[in-house]
Amino acid sequence: MAISSPSLIPSFPHRETITNPLKPDTLNPPNPILLISKCTSLRELMQIHAYAIKSHVYNHKDHSFITKMINFCTESPTTSSMSYARHLFDAMPEPDIVSFNSIARGYSRSLNPIVSFALFVGVLEGGMSPDHYTFPSLLKACAAAKGLEEGRQLHCLSMKLGLDGDVFVCPTLINMYTECEDVDAARRVFDRIIEPCVVSYNAMITGYARRNRPNEALSLFREMQGKSLKVNEITLLSVLSSCSLLGSLGLGKWIHEYATKHGFCKYVKVNTALIDMFAKCGSLDDAVSLFEKMRHKDTPAWSAMIVAYANHGEAEKSMLMFERMRSESVQPDEITFLGLLNACSHRGLVEEGRKYFSRMVNEFKIVPSIKHYGSMVDLLGRAGRLDDAYRFIDTLHISPTPMLWRILLSSCSSHNDLKLAEKVSERIFEMDDSHGGDYVILSNLYARNKKWEDVDFLRKVMKDRRAVKIPGCSSIEVKNVVHEFFSGDGVKSNTHTKLHIALDEMVKELKVAGYVPDTSMVVHADMSDHEKEIAVRYHSEKLAIAFGVLNTPPGTTVRVVKNLRVCRDCHNAAKLISVVFGRRVVLRDVQRFHHFEDGKCSCGDFW
DNA sequence: GTAGGGTTAG
């Protein structure tokens, strides 16, 4: 394949007066290569190039000069600098792999992976042989574009060249596979390494953490320690994010001690990851005290705290943090605002949220992303302004993603608006009909409105389309062991364990205190009231909370993590458990925290 | 020129 020139090549500055652009009056012609190192803009580079041609101080076959110019262009790539680099490269009579690597790096940095890959194919067919610098940038490009097929081809080629065991190539191969969602392929690469170094371990641990497989990440971390491989701060970042995923406060605290003992707390990133971990493991107090001890706080550190308060439903404190951040002249970024918008959304502060959105755009010149739009839809929808939310999506200048509609669908469910939910579901199914959660929400709404034929019909549609429902799962850490419970465990008699009997007893006590099971979300029309009650009783979060109450000393806070939104009945039950059994219950749901104490929840029943 | 903190989806 011939490499075609891109159409947007900046014109050479032939018309300009050719003098040494940086030092106009020098008598001795300076070496253009030295000029490049002082160059500050693309324009200057083009002048230097023209000067070099005109003054004959370089031979156009001289690779080192061209390569230096290409390097300058790809350092912080822009559309025009990349076009220029490409032009320089294409004009080389005998392009070499060094300049090629530089171009490829530029494309992958400017997130233009497709061009990068096409260029690579052309070069290979031109007979050039890639070296171990070639692979990392191309693999990065595949990772960014989720180009699994291209990534695999590169992997094969690197094997043919005997480079797949290279210290630079391995970690990028692992990273490419995990970013393309093939973690097992990544693991196969990792397992082929005879003696993996820290970087390869880190790549694999990060991959597991990113793909929501924290247990495997942690087991590799233990393996590293067993081999007395030197753990670095990057290892800790991924290990901490694994703790956050699991909600494992015990392990997180251990990592905190480990980090302190081994001198990792001097890294701002480690502190930020620790704050995030404490907040996501339910201990906002630990997050705050660590944050206050930090001497240097950057934008991510402030954002972590703003997000932490938002997730715990403390909107006022989120907003206060923002004020403090501003008074210390720290610049907010897009994530800071995501935090603020979520904070407002969880408290129903529609006007405040709108104000932050407009400040973000007008005052801080941040271009809203799809996630900001999502937060706005949530803000409006959750507050019951469903029509506003619908109009907001409909009038966006970008085409809405299924996720945006999904957020609105969830609000329809909270506010029991079946008509709008049907309309919104249609929009979703046009784009993606494989998401089990959408059917569940709609089906629950039909059930709540006693439309049993619709429930049945939807169930059939769901089955035909092979959409899968994610089972509810809750976990709790007791004595450093994480226990997992699934919804429905115990409904059949053969899985009815001691825990289920204990839960039955607890429910009896709760009923004395006024608990009335809310079975309105149970979708089976043909169930008796008793069967419905049992279906609700063995929800995963109730099992986990019961396990916590039974297996920890009286008065201990019970911390539970759930993979989906908490159901209304479990929310009611948890409030009563906090009174009847005198326990604080901290429940992390898929989108926020609920703190139950003295019969009340921190969300104020708005969630 | 390899791994990388704060968001990730109701």
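Worth knowing before you read on, the calculation uses all heavy atoms, side chains too, and leaves out hydrogens, waters and symmetry mates. So you know, we letter chains A, B, ... as the sequences are listed, proteins then strands, and number each from 1. Predicted, not measured: the structure shown is a model, and the values here were computed from it.
- Below 30°, between 30° and 60°, or above 60°: for A:Tyr373 and A:Phe357 the angle between ring planes is between 30° and 60°, a tilted geometry.
- For B:dG10, the base has no donor-acceptor partner in the side chain of A:Ser410 [N/O atoms by modelled type, under 3.5 angstrom].
- Considering NZ of A:Lys280 and CG of A:Leu246, their distance stands at 12.5 Å, rounded to 0.5 Å.
- Below the 3.5 angstrom threshold, one finds a donor paired with an acceptor across the side chain of A:Asp298 and the base of B:dG5.
- For A:Glu75, taking side-chain heavy atoms from C-beta onward, the closest of the listed nucleotides B:dT7, B:dG1, B:dA3 is B:dG1.
- Within the 4.0 angstrom heavy-atom criterion, only backbone atoms of the sugar-phosphate kind lie near A:Leu237; the bases stay farther away.
- Judged by distance alone with a 3.5 Å cut-off, a donor-acceptor contact links the side chain of A:Asn232 to the base of B:dA3.
- Comparing B:dG10, B:dG5, B:dA3 by their closest approach to the side chain of A:Thr272 singles out B:dG5.
- Salt-bridge annotation for A:Arg187 and A:Asp191: present, with a side-chain N of the basic residue lying under 4.0 Å from a carboxylate O of the acidic one.
- No donor-acceptor distance shorter than 3.5 angstrom exists from the side chain of A:Arg188 to the backbone of A:Arg192, with no hydrogens or angles considered.
- For A:Asn175 and B:dA3, the shortest distance from a side-chain N or O to OP1 or OP2 is below 4.0 Å.
- On a pure distance criterion of 3.5 Å, a polar donor-acceptor pair joins the side chain of A:Asp333 and the base of B:dG6.
- Relative to the side chain of A:Glu233, the nucleotides B:dG6, B:dA3, B:dG4 differ in distance, and B:dG4 lies closest.
- The environment of A:Lys227 atom NZ is dense: over 12 non-hydrogen atoms of other residues, nucleotides or ligands sit within 6.0 angstrom.
- Using a 4.0 Å heavy-atom distance criterion, A:Ser413 is classed as making no nucleic acid contact.
- For the pair A:Asn563 CG and B:dT8 P, the interatomic distance rounds to 15 Å; values are reported in whole Å.
- Between the CG atom of A:Leu386 and the P atom of B:dG10 there is a distance of 18 Å, rounded to whole Å.
- Regarding contacts with the backbone of B:dG4, a side-chain N or O of A:Arg210 is found under 4.0 angstrom from either OP1 or OP2.
- Looking at A:His346 and A:Trp607, their side chains never come closer than 4.5 Å, going by heavy atoms from C-beta outward.
- Taking only side-chain atoms of A:Arg565, from C-beta outward, the nucleotide of B:dT7, B:dG10, B:dG5 with the closest atom is B:dG10.
- Residue A:Lys280 is in sugar-phosphate contact alone, with no base atom involved, counting any heavy-atom pair closer than 4.0 Å across all strands shown.
- Side-chain nitrogen and oxygen atoms of A:Lys269 include none within less than 4.0 Å of the OP1 or OP2 phosphate oxygen of B:dG6.
- Among the nucleotides B:dT2, B:dG5, B:dG4, the one closest to the side chain of A:Thr172 is B:dT2.
- A close approach under 4.0 Å does occur between a side-chain nitrogen or oxygen of A:Arg105 and OP1 or OP2 of B:dG1.
- You'll find that the side chain of A:Ile234 is closest to B:dG4, out of B:dG4, B:dG10, B:dT7.
- Listed nucleotides B:dG6, B:dT2, B:dG1 differ in distance to A:Pro171; the shortest reach to its side chain belongs to B:dT2.
- In this structure, A:Ile441 reaches the sugar-phosphate backbone alone: every heavy-atom distance under 4.0 Å involves primed, P, OP1 or OP2 atoms, never a base.
- With B:dT7, B:dG10, B:dT2 as the candidates, the nucleotide lying closest to the side chain of A:Ile407 is B:dG10.
- At a threshold of 4.0 angstrom between heavy atoms, the contacts of A:Val270 with the nucleic acid are absent.
- Side-chain atoms of A:Met403 lie closest to B:dG10 of the nucleotides B:dT7, B:dT2, B:dG10.
- Across all strands, A:Val590 comes closer than 4.0 Å to no nucleic acid atom at all (heavy-atom distances).
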